[in-house]
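These notes concern the structure reproduced below.
Whatever order the structure lists ligands and atoms in, that order sets their numbers, starting from 1. We use all heavy atoms of the structure for the numbers below, so side chains are in, but hydrogens, waters and symmetry mates are not.
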Amino acid sequence: MNSFIYDIPVRVYFGKNQLCHLGEELSKYGKRVLLTYGGGSIKKSGLYHVVTEEIRNAGLELYELSGIAPNPRIDSVRDGAQMCKEHDIDVLLAVGGGSTLDATKWMAAGACVDHDPWDFFSKWAPVEKALPMVTILTLAATGSEMDSGGVISNPETLDKIGRLADPLLPKASFLDPTLTYSVSPYQTACGAADMMSHIMEVYFNIEPDLYMLDCFMEGMMKTVIKYAPIAMQEPDNYEARANLMWTSSWAINGFVNGGKRQAWSCHPMEHELSAIYDITHGLGLAILTPRWMEYCLDETTVPKYVQFGVNVFGIDANQEPMDIAKQSIEKLSYFFFDTLKLNRTFTEIGVKEKDFQVMAKKACADGILPGFKPLAQQDIEKIFAMCL
Ligand code: NZQ
Ligand code: ZN
């Protein structure tokens with residue numbers, strides 16, 4: 001186990017009726033608030049009204065930026081950073097899913113520099129500071145509410161790039177599971193696949209594990225497997241939504257990866273899919289993950305599959321390791337494609353073979369994608385081909 005620093009300084013307000021603290025939380029950072037949101041789900045659900053009332057009742061000045069798209073675009077970030085500068089914004093309030101939160105993080109950073117916010121990605125410009133940001137999460141999936149990352153797309157260059165930076169950590173996040181009652185079964189399923197992948201990217205690691213963290217991750221995976229189908233069938237099941245929401249945060253907030261080498265595989269591959277095809281992140285991960293598992297399975301890696309199959313899916317441990325490993329992949333595929341009803345192949349969602357080469361090259365940055373099993377461009381192309 002490697003040494004690590006554990007520091008998650010995000011204040012979390014979890015549960016129903018916590019928004020009564022919103023005004024007091026925002027007021028800590030000043031008077032002028034930029035409210036950011038997506039395509040209108042917060043208006044449909046009535047949340048917009050509640051939030052703006054809270055802001056006004058606290059005597060704060062409200063500015064708004066809407067229309068942040070799924071797989072958020074750099075143009076929204078540019079607009080938001082510009083608004084922050086023009087109106088001397090003190091604090092940003094992101095209300096929505098991961099896309100709104102991610103875009104807002106980079107607006108907060110973009111507000112503090114003179115250069116184009118895309119330079120954070122294309123030139124890796126330093127992220128020394130950001131305006132304070134508060135979030136109200138409406139979709140359990142990405143963990144953006146409690147991490148320092150944000151993923152931004154540039155349709156002109158066909159890039160989708162994620163980056164972590166400490167100044168981007170939200171100061172506070174409001175996690176009210178009832179706000180996710182209106183999430184569609186499809187988005188609930190994609191969110192579940194995303195959470196599973198965040199955990200699996202860390203769990204599947206060839207370095208010696210910390211037993212305690214592995215047990216924690218197995219518990220989270222079992223939570224997703226148990227509650228995602230319930231949330232899809234009974235959208236207003238509080239227990240299901242609450243379990244998913246808190247798992248979304250803990251899957252990626254820095255706790256489980258403390259002590260592990262960071263080497264993600266499916267996410268870099270998926271970001272290339274979304275960059276070209278603008279597909280939902282969790283859907284791409286669901287299609288890729290079982291194929292990636294199949295590709296990486298060999299005599300060296302098999303013990304981890306056995307641990308996964310036995311502890312997460314309850315497969316009988318008294319069988320040949322390879323048999324257990326193959327069954328664990330089948331169980332995961334069944335969960336994604338039959339239980340969550342997500343598309344099974346690239347063909348179904350229109351991803352074409354002609355793009356494999358360029359996507360694979362970018363996914364491994366023209367080198368080796370380090371991970372559970374290091375992957376070169378040809379390996380990634382083969383994994384893509386298995387998804388057809
Ligand atoms: O835009 P609105 O109208 O709000 O609708 C959204 C959107 O259409 C809708 N939605 C959200 N909350 C809802 C709701 N609909 C009804 N009721 C609600 N309560 O859901 C749709 C998808 O929203 P989006 O924010 O795009 O989904 P998600 O949370 O899955 O975010 C995906 C983005 O996050 C990035 C992904 O790459 C993708 O760009 N990620 C961010 C990470 C991070 N910050 O650490 C890590 C992840 O691995 C991921 O890469
Ligand atoms: Zn993800």
As an exercise, identify every atom of ligand 1 less than 4.0 angstrom from a heavy atom of [X].
X      : answer
His271 : 37 (O), 50 (O)
Thr138 : 11 (C), 12 (N), 13 (C), 18 (C), 19 (N)
Gly97  : 25 (O), 29 (O)
Val151 : 40 (N), 41 (C), 50 (O)
Ser144 : 44 (N)
Gln187 : 20 (O), 21 (C), 22 (C)
Gly40  : 3 (O)
Pro72  : 39 (O)

Does the pair [X]/[Y] count as a salt bridge with the N-to-O cut at 4.0 Å?
X      : Y      : result
Glu25  : Arg11  : yes
Lys373 : Asp298 : yes
Arg344 : Asp338 : yes
Lys361 : Asp366 : yes
Asp75  : Arg78  : yes
Asp79  : Arg73  : no

Polar-atom distance check: [X] versus ligand 1, any N or O pair below 3.5 Å?
X      : answer
Gly38  : no
Ser182 : yes
Gly98  : yes
Lys105 : no
Ser184 : no
Lys160 : yes
Ile42  : no

Which protein heavy atom lies closest to [atom], and at what distance to 0.1 Å?
atom                    : value
atom 33 (C) of ligand 1 : Ser99 OG, 3.4 Å
atom 49 (C) of ligand 1 : His281 NE2, 3.3 Å
atom 9 (C) of ligand 1  : Leu139 CD1, 4.3 Å
atom 47 (C) of ligand 1 : His198 NE2, 3.4 Å
atom 43 (C) of ligand 1 : Asp147 OD2, 3.5 Å
atom 3 (O) of ligand 1  : Ser41 N, 2.9 Å
atom 34 (O) of ligand 1 : Thr142 CG2, 3.3 Å
atom 2 (P) of ligand 1  : Gly39 N, 3.3 Å

Any luck finding a side-chain donor-acceptor pair between Gln18 and Asp176 under 3.5 Å?
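Side chains of Gln18 and Asp176: no pair found under 3.5 Å.
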Atom of His198 closest to the Zn ion (ligand 2), considering N, O or S atoms:
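Looking at His198, the N, O or S atom with the least distance to the Zn ion (ligand 2) is NE2.
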Name, closest N/O/S atom of Asp194 to the Zn ion (ligand 2)
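Of the nitrogen, oxygen and sulfur atoms in Asp194, the Zn ion (ligand 2) lies nearest to OD1.
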Whether Arg32 side chain and Asp88 backbone form a donor-acceptor pair below 3.5 Å
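Side chain of Arg32 to backbone of Asp88, a donor-acceptor pair under 3.5 Å: yes, one is there.
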Please determine whether any non-hydrogen atom of Glu270 lies less than 4.0 Å from an atom of ligand 1.
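The answer is no: ligand 1 sits nowhere under 4.0 Å from a heavy atom of Glu270.
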Test of understanding: given a 4.0 Å heavy-atom threshold, classify the contact between [X] and ligand 1 as side chain, backbone, both, or neither.
X      : result
Ala141 : side chain
His267 : side chain
Asp102 : side chain
Leu179 : backbone
Asn71  : both

Compare all side-chain heavy atoms of [X] with those of [Y] and state whether any distance is below 4.5 angstrom.
X      : Y      : value
Cys364 : Leu375 : no
Met133 : Leu169 : no
Tyr203 : Met221 : yes
Glu61  : Val33  : no

Kindly determine whether Trp118 and Phe121 satisfy ring-ring contact (aromatic ring centres under 6.0 Å, His included), including the steps that lead there.
CA-CA 5 Å; Trp118 185 245; Phe121 303 94; 5.3 Å; yes
For Lys129, is the NZ atom crowded, meaning more than 12 foreign heavy atoms sit under 6.0 Å from it?
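It does not: Lys129 NZ has 12 such atoms or fewer within range.
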Taking the ring of Phe313 and the ring of Phe308, is the distance between their centroids below 6.0 Å?
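When the ring centroids of Phe308 and Phe313 are compared, they turn out to be within the sub-6.0 Å range.
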Report yes if the distance between the aromatic ring centroids of Phe174 and His21 is under 6.0 Å, otherwise no.
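Judged by ring-centre distance (under 6.0 Å), Phe174 and His21 do not meet the cut-off.
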Right, does atom 6 (C) of ligand 1 have protein non-hydrogen atoms nearer than 4.0 Å?
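False for atom 6 (C) of ligand 1.
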Compare every heavy atom of Ala109 with every heavy atom of Val127, then report the nearest pair and how far apart it is.
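Taking every non-hydrogen atom into account, CG1-CB, 4.1 Å.
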For the pair Asn253 and Asp147, evaluate side-chain hydrogen bond (donor to acceptor under 3.5 Å, both in side chains) and give the outcome as yes or no after the intermediate values.
CA-CA 5 Å; Asn253 71 4; Asp147 76 13; over 6 Å; no
